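Data first, discussion second: the structure below is written as structure tokens.
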Amino acid sequence: MSYPEILTAIAKEVRAEQGKGQVADYIPALARVPGDKFGIALATLDGQQFQLGDADEQFSIQSISKVFALALAYPKEGEQLWERVGMEPSGNPFNSLVQLEYEQGIPRNPFINAGALVITDLLVKHYPRPKAHLLDFIRELSGSYDVYYDHEVARSEREHGFTNAALVNFMKSHHNIKAPVDQVLDIYFHQCAVAMSCRELAQAFLLLANHGILPETGKRILSKSQAKRLNAIMLTCGFYDEAGEFAFCVGLPGKSGVGGGIVAVVPNKLAIAVWSPELNEHGNSQAGIKALELFTSYTGQSIF
Ligand code: DON
């Protein structure tokens, strides 16, 4: 089957998953998104793009942004980054507080909220205008200047961000946050509120399929080793307490967000992004996971 045929078959089959999950309702700005949206886009290293459904509609990428923040902080901070955040799956929900107390304010990995807040703190350390720099970076990776901060989502996030405030304050008390708490939270809420389409996301993640080099320009963003490590962390930690099941069913490094987006990487080949806002009990897109499982089944492409 060709890629367009595969995407068409996936879109048809995932219809059965729609209506089973729940659109994120922890902030009003996300709760308003229609649950029946579905988009899928695929970008290959040799410059081909395929897409279907609502693949050009921009949505809130939420935790997918944690990959971009890490890709920006890691080359600047180097290996000492891992002294402030771990590299182990948490087996806990993304916003869990419990583990952080046992582990003295060092988050398990950069993709749970606590770990992402430490990475945001590193952006403040290394960039004088971290918010602007992060947006420029995502625009460069995706090749799209349409990527933007949805300020309404960011505001809604701040108004309801009590758990994130607790996490960052707790880590501050353990000296694992250096910048002012309010500054870290403001940047974090904005990064979660980045709006992008499946097409833009697939293009942006090609970097990770290409060992850290942007395929269109040949520019190196991450070293080969850093790109490998980012993929490894996506595989083991990209889906929180569902990371094992995602590896089992899909077999690709990937990252989800509570906006209903998921991006996955086939090393040396392609990146694929899917969006369906209804989430399962782990906060990952119900139909999105099914779509990616079908993709690896149809194509036989997985890292295993
Ligand atoms: O920090 C939060 O709670 C959200 N802005 C992001 C959470 C998220 O996307 C978790 N991923 N599935």
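The model shown is predicted, which means the values in this text are computed figures rather than measured ones. Counting starts at 1 for both ligands and their atoms, in listed order.
Residues Glu88 and Asn109 are not in side-chain contact: their nearest non-hydrogen atoms beyond the backbone lie 4.5 Å or more apart.
A salt bridge does not link Glu200 to Arg139: none of the charged nitrogens lies less than 4.0 Å from a carboxylate oxygen.
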Mind listing the side-chain donor-acceptor pairs of residues 207-214 below 3.5 Å, one per line with the distance, residues two or more places apart or on another chain?
from, atom 1, to, atom 2, distance (Å)
Asn210, ND2, Ile213, O, 2.8
His211, NE2, Asn268, OD1, 2.6

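The cationic group of Lys37 does not satisfy the cation-pi geometry with Phe59, failing either the under 6.0 Å distance to the six-membered ring centre or the 45° limit from the ring axis.
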Salt bridge (charged side-chain N to carboxylate O under 4.0 Å, His left out) for Lys290 and Glu13? Distances and angles first, verdict last. CA-CA 9 Å; Lys290 183 70 189 173; Glu13 280 186 62; 6.0 Å; no
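Relative orientation of the Tyr240 and Phe94 rings is tilted, given thresholds of 30° and 60° on the angle between their planes.
Annotation: ligand 1 has protein neighbours Tyr26, Gln62, Ser63, Phe94, Asn113, Glu157, Asn164, Tyr188, Cys192, Tyr240, Ser256, Gly257, Val258, Gly283, each with a heavy atom less than 4.0 angstrom from the ligand.
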